[in-house]
2 protein chains.
Amino acid sequence: MSVAVSSDSLIRPRVSGASLKSEFVAFKVNRIVEAASHLFYERGYSSCTLDNVANQLSVTKPFLYSYFKNKEAILAAICEVGISEALAVLEDVLAHEHGSHRARLAEVVRKVGQIVIDRQEYVVVYQREMKHLSADDYKRILRLRHSFDHQIGEMIREGVASGEFREDIDPFIAVWIGGLISWIPTWYSSSGQRSAEEVIEYLVQAALRLAGAE
Amino acid sequence: MSVAVSSDSLIRPRVSGASLKSEFVAFKVNRIVEAASHLFYERGYSSCTLDNVANQLSVTKPFLYSYFKNKEAILAAICEVGISEALAVLEDVLAHEHGSHRARLAEVVRKVGQIVIDRQEYVVVYQREMKHLSADDYKRILRLRHSFDHQIGEMIREGVASGEFREDIDPFIAVWIGGLISWIPTWYSSSGQRSAEEVIEYLVQAALRLAGAE
DNA sequence: AAAAATATCTACCTGCTAGTAGTTTTTACA
DNA sequence: TGTAAAAACTACTAGCAGGTAGATATTTTT
């Protein structure tokens, strides 16, 4: 799901060519999701009204209802970004990084850490507000999270089996790495002037040290 | 602030003796705070109604208003427990543990970790819902948090200065230890069948390893 | 045991918010 | 440029939730 947008207007651009209509719909959906994630991040899902979201975009409430079934559907879209992008990055690293287990661990922490920082507001909203999803959306999002956790756990177990990681850290380290997704935003924002690169490199070193794989 | 209560009724016990009235008031205040923290923890502050809280206690809404000024005041009481107990434990350890710096670090992680697990619901609500406090309450609670962070930072700096801790981990480790307060509840509940003791002992070892003070 | 004081409840108000019906504006196309 | 279709808006409803006034029940005191 692409979310980054560059224009700052919802006025339909005068473009020629076929099939740009669905693109423009997606563009507006993304603008809504982006604005909502920002507001939900700052004030919380239950404290934000749809009028708040509409105002932020200089549109009206019924506008939102022509792109989303209800308020909860907007939250579901945010949560989906929050977990699915991290999952996609994880799977990409696991599919393409074929070095040592410690190299794989470092790359996972680096790439997942980066996406969590890039999509900080989505990730935090996903964590904090997931409980307000409908039963169906909740199950769908939870499956993605379980897939994420499972693949992290497998990676760690393989490293332990190979002898590269200390035996006694399994399975806590798996929880720890999974915990990055919960923890980075708090940490990153509370560590003041540090750049994302500094924070991530520290996390990579910390993960290796915890795994006994320096 | 004492919060643990044993009775399961709000009916005034038939006790004799002077000055038990204020004790009974405190007892009821604690019951309200306890019930509210549980509901806020599970469903979120903004999604919980005062009727929910009252029902949980088998009383009515005006009952709550005779002990608290408004809904936000209940949240403030919860937040105060969430941070002030951790702060008290920290200060107690720092005042009485005079061994090596690594012994102090281990004891801080152990004792603060224990209180965070014991008061899990309060701590989580404090973190997640603090932004809904009034400006005055927010400032008051934030001061406690800053005091906590500051003392953790000092402890780490002293350990680094003494040579017991690795130089390059300062000041990230300070954020990490402070982050325990954010992180333990998620971790503890997602680590399945593990006992509080196991989780805490792992945290102590992890903190020492991160500090380079094993 | 009656009166005073305290504690709790019933019943209500007011403002807000998710969601909708139907009208108006804008766009696409001939 | 005129007409149909699509997009967006104005104006509304229904229900809920924080907060309160005044009545009732309970406890304490004399």
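In the text below, chain A, chain B and the rest are named by the order of the sequence lines, each starting its count at 1. None of the values given here were measured: they were computed from a predicted structure.
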Notebook entry, point to check: With no hydrogens and no angle check, is any side-chain donor or acceptor of B:Arg119 less than 3.5 Å from a backbone partner on B:Gly82?
Noted result: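 No: the side chain of B:Arg119 does not pair with the backbone of B:Gly82.
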Next item on the list: Please list all pairs passing the salt bridge (Lys or Arg N to Asp or Glu O under 4.0 Å) test where one or both residues lie in residues 63-78 of chain A, with sequence neighbours left out.
Entry: none
Checklist line | Listed once per pair and sorted, the salt bridge (Lys or Arg N to Asp or Glu O under 4.0 Å) pairs that draw on residues 46-66 of chain B, sequence neighbours left out | finding: B:Asp51-B:Lys61
Item checked: Criterion side-chain contact (heavy atoms from CB on, under 4.5 Å) against A:Val109, the qualifying member of A:Val93, A:Leu208, A:Ile200, A:Val204 ->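 Of A:Val93, A:Leu208, A:Ile200, A:Val204, side-chain contact (heavy atoms from CB on, under 4.5 Å) with A:Val109 is met by A:Val204 alone.
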Please identify each residue that fulfils side chain to side chain contact (heavy atoms under 4.5 Å, CB included) with [X], with sequence neighbours left out.
X: A:Tyr138; answer: A:Met130, A:Leu133, A:Leu142
X: B:His38; answer: B:Glu42, B:Gln56, B:Glu121
X: A:Ser147; answer: A:Leu87, A:Glu91, A:Gln151
X: A:Arg43; answer: A:Leu39, A:Cys48, A:Asn52

Item checked: Distance in angstrom units between B:Tyr65 OH and C:dT10 P, rounded ->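 Rounded to the whole Å, the gap is 17 Å.
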Check: In whole Å, what is the span from the CG atom of A:Leu57 to the P atom of D:dA7?
Finding: 17 Å
Next item on the list: Taking the side chain as every heavy atom from C-beta outward, state whether A:Val116 and A:Tyr188 have any atom pair closer than 4.5 Å.
Entry: no
Check: Contact class for A:Phe68 (heavy atom, under 4.0 Å): base, sugar-phosphate, or nothing?
Finding: nothing
Next item on the list: Return the set of residues passing salt bridge (charged side-chain N to carboxylate O under 4.0 Å, His left out) with B:Asp149 (not counting sequence neighbours), or none when no residue passes.
Entry: B:Arg145
Item checked: A:Tyr67 side chain near D:dA8 phosphate (N/O to OP1/OP2, under 4.0 Å) -> yes
Check DNA chain C against [range] and give the residues with a non-hydrogen atom under 4.0 Å, in numerical order.
range: residues 131-141 of chain A; result: none
range: residues 69-76 of chain A; result: A:Asn70, A:Lys71
range: residues 37-53 of chain A; result: A:Cys48, A:Thr49, A:Leu50

Margin query: For the CZ atom of A:Arg194 and the CD atom of A:Glu201, what is their distance to the nearest 0.5 Å?
Written below: 13.5 Å
Check: In Å, rounded to the nearest 0.5 Å, how long is the span from CZ of B:Arg143 to NE2 of B:His146?
Finding: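 Output value for this atom pair is 10.5 Å.
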What does the list of N/O pairs under 3.5 Å between the protein and nucleotides 9-12 of chain D look like, with a distance for each?
| from | atom 1 | to | atom 2 | distance (Å) |
| --- | --- | --- | --- | --- |
| D:dC9 | OP2 | A:Thr60 | N | 3.2 |
| D:dC9 | OP2 | A:Thr60 | OG1 | 2.8 |

Item checked: Residue pairs involving residues 67-91 of chain B (criterion ring-ring contact (aromatic ring centres under 6.0 Å, His included); sequence neighbours excluded) ->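 Matches after skipping sequence neighbours: B:Phe63-B:Tyr67.
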